[in-house]
A.B. asks: 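Attaching a single structure in C-alpha cells format; questions to follow.
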Amino acid sequence: MASQPTTAERISLLERMLMMRRFEEEVLRVAQTHAYVGRQHLHIGHEATGAAVASVLTPEDLFHTTHRNHGYLIARGADPGRALAEIMGRKDGLNGGRGGPWHLCDREAGFQSTSAMVGGSVGLAIGAAFAMKKQKKKAIGVAHFGDGTLDEGICFEAFNMASIFELPVLFLCENNAKEGQRPSSMLAAKALRDLPAALQIETVVVDGRDADDVRAAATDAVARIRTTGKPVFLQAQLERWPGSHQLKPEFPTGVTDLTLAWEEGRIEGKHADWTRAHDGIRLYAKKLVAEKATSKEEILALDRKVIARIEAARAFAEASPFPAPSTATDLAFA
Ligand SMILES: Cc1ncc(C[n+]2csc(CCOP(=O)(O)OP(=O)(O)O)c2C)c(N)n1
Ligand SMILES: [Mg+2]
C-alpha cells in the first residue's frame, strides 16, 4: 500500500492542480479573443486525476496523451509560457510554433506526444514501453485516453501485446461517461475494465475526483509496473465538465473561485451540482482545510501565486512573434 502523503506533498498536489486549471482558463480566454486557430479541448475537471498521476511519475517516464492534452502538459512540468506560445503558434513555443494545440510535446518533461486520433496514445505508449524494456530501463510508458477509446481496434491490439510481451505500461483511462450509461460510444462490453481484464491485465478503478485516492492507486500501480514489468489499467471515474459539452469557448461554471470550497452556500446556477460534487479542485481545497492541513488564507495565497505565473506565461507568449515565413520548411524531414 502507498504511504500516506506528507502535508507538503498534498499542498504541492493542490498547486499542480491549480496550475493546470489556471493555465486552461487562460487558454479559454485566448480562444475567446480568437488568438489561435482551432478548437480547445480542455482537461478542466479532470485535474485531481491528472495531477495525482503526474506526481508519481519520473521525468524519464514517457507520457502520451489525447486531444485533452494541455492539463497533462502542465502537470508534467512543461514551462507554461512556452506551452501557451505553442498553442498560439508562436516562435518560442515548445515546438517552434509548428505543433499548435494538436501536436504539443515536450520531450524534456517526458511528455512524448499528443495524438488527436482517438486511440493514438495507446499504440504509441506500448511502443515506448517496448523501447524501455529493450533498453533495460526502469522508466515506463503511459497512455492517457478516455472511455470512448475502448471501442477502437488499436486498444484491443495494444492491450493484447502489452499483456503477451509483458510491457511496462500504465493504461490511464479517464471515464467521464455518465453513470449507468454505456461507455460513451460503441463498446459492447458491460464495463470498460472487462476488455483489459479479459486479456489478463490487472485493472484498478478509482474515484478520479479525489486526488489522495488517485495518488495512492497510481503509486501502487506504477510501483507494480516497475517491479513486475507488466501493464496495469487504471480507470478514473469522473464527471465531464459542462464546458466540455459545447463548441464555443465559455466558462459555464464561472472562473474558478476557491472560496466556494468553504462557502458552499454560495454555489448556484445551472451547473451547481458539478461544482458541488465533481470539481476535484474545490473538493481537495475543502478537504485540506477541514483536516487543518493548511488554512484558507494559505490556499488563496497559493492560488494568487499560480495566477501570477500564468499571467507571466500569457505575456511571454504574446511577446513572442510568429515564425518567419522564410522558415516554413525548417524542421521538415524532406
Ligand atoms: C480515430 C478518431 N475517431 C473519431 C475522432 C473524433 N473524436 C474526437 S474526441 C472523440 C470522443 C472521445 O471520447 P473519449 O475518448 O471518451 O474522450 P473525452 O473527450 O470524453 O475525454 C471523438 C469520437 C477522432 N479524433 N479520432
Ligand atoms: Mg469520455
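Both counts, for ligands and for their atoms, begin at 1 and track the order of listing. Sequential numbering from 1 along the given sequence is applied to the chain's residues.
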A.B. asks: Could D212 and K287 be called an ion pair, given the rule that one side-chain N must be under 4.0 Å from one carboxylate O?
C.D. replies: yes

A.B. asks: Backbone N or O of L260 within a donor-acceptor pair of the R282 side chain at under 3.5 Å?
C.D. replies: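 Such a contact is found between R282 side chain and L260 backbone.
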
A.B. asks: Using a cut-off of strictly less than 2.8 Å, determine whether N176 has an N/O/S atom near the Mg ion (ligand 2).
C.D. replies: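 Within the cut-off used here (under 2.8 Å), N176 does place an N, O or S atom near the Mg ion (ligand 2).
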
A.B. asks: N/O to N/O below 3.5 Å, does that happen between F145 and ligand 1?
C.D. replies: no

A.B. asks: Closer than 4.0 Å to some heavy atom of R240 - which atoms of ligand 1 meet that?
C.D. replies: 18 (P), 19 (O), 20 (O)

A.B. asks: Measure the distances from the heavy atoms of H41 to every atom of ligand 1 and state whether one is below 4.0 angstrom.
C.D. replies: no

A.B. asks: Please identify which atoms of ligand 1 are closer than 4.0 Å to at least one heavy atom of T149.
C.D. replies: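 Contacts of ligand 1 toward T149, numbered from 1: 15 (O).
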
A.B. asks: Of E25, E26, E24, which is the lone residue that meets salt bridge (charged side-chain N to carboxylate O under 4.0 Å, His left out) with R22?
C.D. replies: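 Running salt bridge (charged side-chain N to carboxylate O under 4.0 Å, His left out) over E25, E26, E24 with R22 returns exactly one hit, E25.
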
A.B. asks: List the atom of A313, the atom of P80, and the distance in Å for their closest heavy-atom pair.
C.D. replies: CB-C, 3.7 Å

A.B. asks: If you count the atoms of ligand 1 from 1 in the order shown, which ones are under 4.0 Å from a heavy atom of N176?
C.D. replies: 18 (P), 20 (O), 21 (O)

A.B. asks: Output the list of atoms in ligand 1 that are nearer than 4.0 Å to some heavy atom of M117, sorted by atom number.
C.D. replies: 26 (N)

A.B. asks: Quick one about S320 and R90 (side-chain donor to acceptor, distance below 3.5 Å, no hydrogens or angles considered), yes or no?
C.D. replies: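 R90 vs S320: no donor-acceptor pair found between side chains.
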
A.B. asks: Would you say the Mg ion (ligand 2) has D147 as a near neighbour, meaning an N/O/S atom of that residue under 2.8 Å away?
C.D. replies: yes

A.B. asks: Looking at F316, does the NZ or CZ of R82 lie under 6.0 angstrom from its six-membered ring centre and within 45 degrees of the ring axis?
C.D. replies: no

A.B. asks: Before accepting this row, confirm whether a basic side-chain N of the pair D279/K286 lies closer than 4.0 Å to the acidic partner's carboxylate O.
C.D. replies: no

A.B. asks: For H43, which residues count as a ring pair (Phe, Tyr, Trp, His ring centres under 6.0 Å) partner, sequence neighbours excluded?
C.D. replies: H46, Y72, H144

A.B. asks: Can you confirm, on distance only, whether ligand 1 has an N/O atom lying under 3.5 Å from any N/O atom belonging to H46?
C.D. replies: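 No, since none of the N or O atoms of H46 sits under 3.5 Å from an N or O of ligand 1.
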
A.B. asks: Using the rule that Ile, Leu, Val, Met, Phe, Trp and Tyr join whenever any side-chain heavy atoms are under 4.5 Å apart, tell me whether F111 and M132 fall into a single cluster.
C.D. replies: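 Different hydrophobic clusters.
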
A.B. asks: Output yes when the distance from some N or O of ligand 1 to some N or O of A116 is under 3.5 Å, and no in every other case.
C.D. replies: yes

A.B. asks: Below 3.5 angstrom, do we get any N/O pair linking R68 and ligand 1?
C.D. replies: yes

A.B. asks: Who gets closest to atom 13 (O) of ligand 1 by heavy atom: G148, C173, S244?
C.D. replies: G148

A.B. asks: Taking heavy atoms and a distance under 4.0 Å, where does E174 meet ligand 1: side chain, backbone, both or neither?
C.D. replies: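 Neither; no heavy atom under 4.0 Å.
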
